[in-house]
J.: 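Encoded as structure tokens, here's the structure I'll be asking about.
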Amino acid sequence: MKHHTKSKGDLDVLKAQVDLYEKGYMILLPHTEHAPFDLDGYKDQIFKRVQVKYRNLNKKGILEVRFSSSYSTSQGVMTKFIDKCEIDIYCVYCPQTDECYYFNPKSFHKSISLRVDTPKNNQMQNVKFAKNYREVP
């Protein structure tokens, strides 16, 4: 099933809400589309600002997440890096696994690659397996 970009955004936020709710979080939503985060999770007297992204697996079975967005203007393609101080948690929804993966973006530089399957060369060192990112940090 093909999704328009806006529909993908709606689906990933909805999946994150359900997953976080099942993990015991109260879900709070901003009243604007211009907030740097998509939702707020509240649990154990702690608020977590969550940015949610929809990502498909690439051909190698990897979820690639860059901490930037690109858009076109009359002056060319612009890249805007996220301000990691404005969010606490990144949540990545993958439709192929139908799961959400969570991490603190401050723990990584410009991107993160999460592997769903074991590499063909069986390399295990320095591989970030998606299954290890199912819990909220």
Side-chain angles (χ1 to χ4, degrees):
M1 181 164 133
K2 295 192 185 265
H3 292 283
H4 181 274
T5 303
K6 179 76 171 121
S7 297
K8 288 179 182 179
D10 291 344
L11 178 61
D12 65 11
V13 171
L14 183 58
K15 291 286 189 171
Q17 288 176 16
V18 171
D19 194 52
L20 288 166
Y21 180 82
E22 289 175 344
K23 292 178 183 329
Y25 283 85
M26 180 184 300
I27 308 303
L28 307 160
L29 300 173
H31 282 280
T32 178
E33 290 188 16
H34 304 290
F37 51 89
D38 294 307
L39 57 93
D40 219 335
Y42 180 75
K43 181 179 178 181
D44 300 329
Q45 301 178 341
I46 298 172
F47 289 96
K48 297 207 181 221
R49 300 165 295 176
V50 183
Q51 175 66 47
V52 185
K53 296 294 181 187
Y54 182 108
R55 290 289 181 272
N56 286 302
L57 291 173
N58 69 14
K59 293 178 183 177
K60 295 181 180 180
I62 298 171
L63 288 171
E64 297 179 85
V65 182
R66 291 183 180 86
F67 304 126
S68 63
S69 59
S70 299
Y71 56 95
S72 296
T73 70
S74 59
Q75 298 158 350
V77 176
M78 306 300 218
T79 300
K80 179 182 176 186
F81 292 94
I82 68 147
D83 184 346
K84 294 179 185 180
C85 293
E86 292 185 324
I87 60 173
D88 303 307
I89 302 296
Y90 240 68
C91 171
V92 178
Y93 170 70
C94 174
Q96 288 82 16
T97 63
D98 194 31
E99 291 187 321
C100 293
Y101 305 97
Y102 303 91
F103 52 89
N104 181 340
K106 296 176 192 95
S107 299
F108 305 96
H109 188 54
K110 291 184 179 181
S111 65
I112 181 175
S113 296
L114 300 178
R115 186 171 273 285
V116 172
D117 298 319
T118 303
K120 289 183 180 179
N121 66 2
N122 291 318
Q123 177 182 341
M124 301 301 255
Q125 192 173 10
N126 298 322
V127 175
K128 293 173 183 63
F129 286 99
K131 66 181 180 184
N132 297 330
Y133 291 85
R134 287 284 298 127
E135 296 303 319
V136 178

J.: Answer whether the closest heavy-atom distance between the side chains of Lys53 and Tyr93 falls below 4.5 Å.
T.: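 Result no, sub-4.5 Å side-chain heavy-atom pair not found.
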J.: For the CD atom of Glu135 and the NZ atom of Lys23, what is their distance to the nearest 0.5 Å?
T.: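 It comes to 4.0 Å.
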J.: At their closest point, which heavy atom of Phe37 faces which heavy atom of Glu86, and how far apart are they?
T.: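 Between these two residues, the closest heavy atoms are CD2-O, 3.8 Å.
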J.: Is there a side-chain contact between Val136 and Ile89, using heavy atoms and a 4.5 Å cut-off?
T.: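 The answer is yes, as the side chains (C-beta and beyond) meet within the 4.5 Å cut-off.
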J.: Would you mind reporting whether Asp88 and Phe47 have side-chain heavy atoms less than 4.5 Å apart?
T.: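 Side chain of Phe47 against side chain of Asp88, heavy atoms only: no contact under 4.5 Å found.
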J.: Taking 4.0 angstrom as the limit, do Arg55 and Asp12 come out as a salt bridge?
T.: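 Asp12 and Arg55: not salt-bridged.
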J.: Same cluster or not: are Leu57 and Tyr133 linked, directly or through other Ile, Leu, Val, Met, Phe, Trp or Tyr residues, by side-chain heavy atoms under 4.5 angstrom apart?
T.: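 Same hydrophobic cluster.
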J.: Decide yes or no on side-chain hydrogen bond (donor to acceptor under 3.5 Å, both in side chains) for Asp19 and Tyr102, but give the supporting numbers first.
T.: CA-CA 11 Å; Asp19 194 52; Tyr102 303 91; 2.5 Å; yes
J.: Using a strict threshold of under 4.0 Å (side-chain N to carboxylate O), is an ion pair present between Lys15 and Asp98?
T.: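 The answer is yes: the pair qualifies as a salt bridge.
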J.: Does Asp38 reach the main-chain N or O of Val52 with its side chain, forming a donor-acceptor pair under 3.5 Å?
T.: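 Checked: pair present.
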J.: Is it true that atom NZ of Lys43 has more than 12 heavy atoms of other residues, nucleotides or ligands lying nearer than 6.0 Å?
T.: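 Correct, the count exceeds 12.
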J.: Assigning hydrophobic clusters by single linkage (Ile, Leu, Val, Met, Phe, Trp, Tyr; side-chain heavy-atom cutoff under 4.5 Å), is Tyr101 placed with Tyr90?
T.: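 Tyr101 and Tyr90: one cluster.
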J.: Which atom pairs, donor and acceptor, lie under 3.5 Å between side-chain atoms of residues 67-85 and protein residues at least two apart or in another chain?
T.:
residue	atom	partner	partner atom	Å
Thr73	OG1	Gln75	N	3.1
Thr73	OG1	Gly76	O	3.2
Asp83	OD1	Cys85	N	3.0
Lys84	NZ	Pro105	O	3.3
Lys84	NZ	Phe108	O	2.5
Lys84	NZ	His109	O	2.4

J.: First locate atom NZ of Lys131, then atom OG1 of Thr97, and finally report the distance between them rounded to the nearest 0.5 Å.
T.: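 Lys131 atom NZ to Thr97 atom OG1 measures 13.5 Å (nearest 0.5 Å).
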J.: Mind checking the CD1-CD1 spacing from Ile112 to Ile62? Nearest 0.5 Å is all I need.
T.: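 Here the interatomic distance stands at 11.5 Å.
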J.: With a cut-off of 6.0 Å (strictly less than), are more than 12 heavy atoms of other residues, nucleotides or ligands near OH of Tyr21?
T.: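 Open: at most 12 neighbouring heavy atoms sit under 6.0 Å from OH of Tyr21.
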J.: Without swapping roles, check the side chain of Asp44 against the backbone of Ile46 for a donor-acceptor pair under 3.5 Å.
T.: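 Pair absent, no side-chain N/O of Asp44 close to backbone of Ile46.
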J.: Count the heavy atoms of every other residue, nucleotide or ligand shown that sit under 6.0 Å from CZ of Arg49, and state whether that count exceeds 12.
T.: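 Check passes, neighbour count above 12.
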J.: Report the distance from atom CG of Leu63 to atom CG of Asn58, rounding to the nearest 0.5 Å.
T.: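 Leu63 CG to Asn58 CG: 8.0 Å, rounded to 0.5 Å.
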J.: Quick check: do Val116 and Gln96 have side-chain heavy atoms less than 4.5 Å from each other?
T.: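 Contact flag for Val116/Gln96 side chains = no.
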J.: So Lys48 and Tyr25, side-chain contact (heavy atoms from CB on, under 4.5 Å) or not? Walk me through it.
T.: CA-CA 10 Å; Lys48 297 207 181 221; Tyr25 283 85; 4.1 Å; yes
J.: Using the rule that Ile, Leu, Val, Met, Phe, Trp and Tyr join whenever any side-chain heavy atoms are under 4.5 Å apart, tell me whether Leu20 and Leu28 fall into a single cluster.
T.: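 Per the 4.5 Å side-chain linkage, Leu20 and Leu28 are not co-clustered.
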J.: Between Val50 and Ile27, is there a shared hydrophobic cluster once you connect ILVMFWY residues whose side-chain heavy atoms come closer than 4.5 Å?
T.: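 Yes, one cluster joins them.
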J.: Taking Ile87's backbone N and O only, do any of them form a donor-acceptor pair with Lys106's side chain (distance below 3.5 Å, no angle check)?
T.: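 Yes; at least one donor-acceptor contact below 3.5 Å.
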J.: Is any side-chain heavy atom of Asn56 closer than 4.5 Å to one of Pro95?
T.: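 The answer is yes, as the side chains (C-beta and beyond) meet within the 4.5 Å cut-off.
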